[in-house]
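Here is the structure we will look at.
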There are 2 protein chains.
Amino acid sequence: MGRWEPDARGRLAKAALELYAEHGYEQTTVAEIAKRAGLTERTFFRHYADKREVLFAGAGELEDLFVRAVADAPRAAVPLDALTVGLDAVAEMFADRREFARRRHAVITANAELQERELIKLASLAAALVDTLRGRGLAEPTASLAAEAAVAVFKVAFERWIAPGEERAMRQLIRESLTELKAVTSGV
Amino acid sequence: MGRWEPDARGRLAKAALELYAEHGYEQTTVAEIAKRAGLTERTFFRHYADKREVLFAGAGELEDLFVRAVADAPRAAVPLDALTVGLDAVAEMFADRREFARRRHAVITANAELQERELIKLASLAAALVDTLRGRGLAEPTASLAAEAAVAVFKVAFERWIAPGEERAMRQLIRESLTELKAVTSGV
DNA sequence: TTACGTGATGACAGAGACTGACATCAGGTG
DNA sequence: CACCTGATGTCAGTCTCTGTCATCACGTAA
């Protein structure tokens, strides 16, 4: 056995989600999270930049996955179709984590600071998509608008996917949201 | 003359923007802002909920203006046209404040925490637009997608409007961004 | 085996954001 | 003149987050 219990980072994330869910984000102190994980407050801040970031460790991977899928989409694909390839990749990644996503999202929805962090992660995703679309030859401001549209579709589809009782696959909800977006922007 | 210098709130906002621009947001303490405004730190927090909010006092008015314009758009107007009425109202409100908007936006762009706050203000705007569109009879998720699209158009047009050397009116940039959005979502 | 470097953690002090409670006091009101 | 009100000041305290130094199991090389 090593000197320390393994996976300190994961233990902190687990303790934080539990405590945020049990007592609320604001009512939970970092010292409490660290204690439940068998560590000290100082060590928490070595693993996570701040008290919010502990809920968003997976955002980078989601961004990488999305971006890579868009970049690898057929060169002939129209921007929105390339973005759809990325959306499908994200849907697949989430597929078997619906309950975890529900718990996590309930915590975030209950607190404005956490929503802010979620929004900037989505903004970062949008910015990365803009770069990728530009790399595919799309000009501004079209690239920004297409990226924002794709993120909007993701947001809407995700919220529907985690709605209580919802059982349809995220991929299907993404398809429906894309269709709705096309309809509403075509001025019907 | 009254017991206190007038417009404490405005003095705090002015001092904060100046100091954030001069030394950066993080390097500025609330005590310094209060001192420049001739007040104490405690009084700052009576006027603004936190150190960031002092830059976003106008967000509520922008939201009200936008929402009211959409609500008052002709009943026959298609969602995107109603939203365009709102965008035009916002453009008019900004018209004579381009230099102030540039200074303020430069401060926000330089700091992630301030960007988070900006994003949640835009999310609040989007949520208010959803309510308004629902009031006009639009169903979900179409209402959410239309609102997100309108906010995306605003973001893109605003950024172009404050770009160095840009002199075109915001209304025109909004028109162009709307056209781009329609093109990209129609799959061209 | 011994000496040394490395990396994850702990301990501690301190700055700064934010809050609650109470004090102050000019101006209005009866 | 007594009283109330509202904006501000003062002070103590909690919590987030950071810098710095100490600790110590483990791996590596002489």
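Here is the naming used below: chain letters follow the sequence lines, and residue numbers restart at 1 for every chain.
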Which value, rounded to the nearest 0.5 Å, describes the distance between Leu80(B) atom CG and Leu181(B) atom CG? 7.0 Å
Taking atom types as they are modelled, would you say the side chain of Arg46(A) forms a donor-acceptor pair with the base of dG7(C) within the 3.5 Å cutoff? no
Rounded to whole Å, how long is the line connecting atom CG of Asn111(A) with atom P of dT16(D)? 12 Å
Side chains of Arg117(A) and Asp50(A) in contact at under 4.5 Å (non-hydrogen atoms): yes
Please report, rounded to the nearest Å, how far the P atom of dG9(D) is from the NZ atom of Lys35(B). 14 Å
Between Thr109(B) and Gln115(B), does any side-chain donor sit less than 3.5 Å from a side-chain acceptor? no
Taking 4.0 Å as the cut-off, does a side-chain nitrogen or oxygen of Thr43(A) come that near to OP1 or OP2 on dG10(C)? yes
Whether the Glu148(A) and Ser144(A) side chains hold a donor-acceptor pair (N or O, under 3.5 Å, no angle test) is what I'd like checked. no
Leu19(B) atom CG is separated from dG16(C) atom P, nearest whole Å, by 14 Å
Nucleotide dC21(D), atom P - distance to CZ of Arg42(A) in whole Å: 13 Å
The side chain of Phe45(A) is closest to which nucleotide in this list: dT18(D), dG20(C), dC18(C)? dT18(D)
Consider the side chain of Trp4(A), meaning its heavy atoms from C-beta on, and name the nucleotide among dG7(C), dC18(C), dG9(D) that approaches it most closely. dG7(C)
Phosphate oxygens OP1/OP2 of dT9(C): is one of them under 4.0 Å from a side-chain N or O of His47(A)? yes
Interatomic distance, Glu41(A) CD vs dT16(D) C1' [rounded to whole Å]: 7 Å
Write down the distance between CD (Glu32(A)) and C1' (dT16(D)), rounded to a whole number of angstrom. 13 Å
Starting at atom CD of Glu53(B), determine the distance to atom P of dT19(C), rounded to an integer number of angstrom. 12 Å
Phe158(B) and Phe94(B) aromatic centres sub-6.0 Å: yes
Please classify the nucleic acid contact of Ala31(A) as base, sugar-phosphate, or nothing, using heavy-atom distances under 4.0 Å. nothing
Proximal nucleotide (of dG7(C), dA21(C), dC17(D)) relative to the Arg3(A) side chain: dG7(C)
In whole Å, I'd like the distance from the CG atom of Asp50(B) to the C1' atom of dG16(C). 14 Å
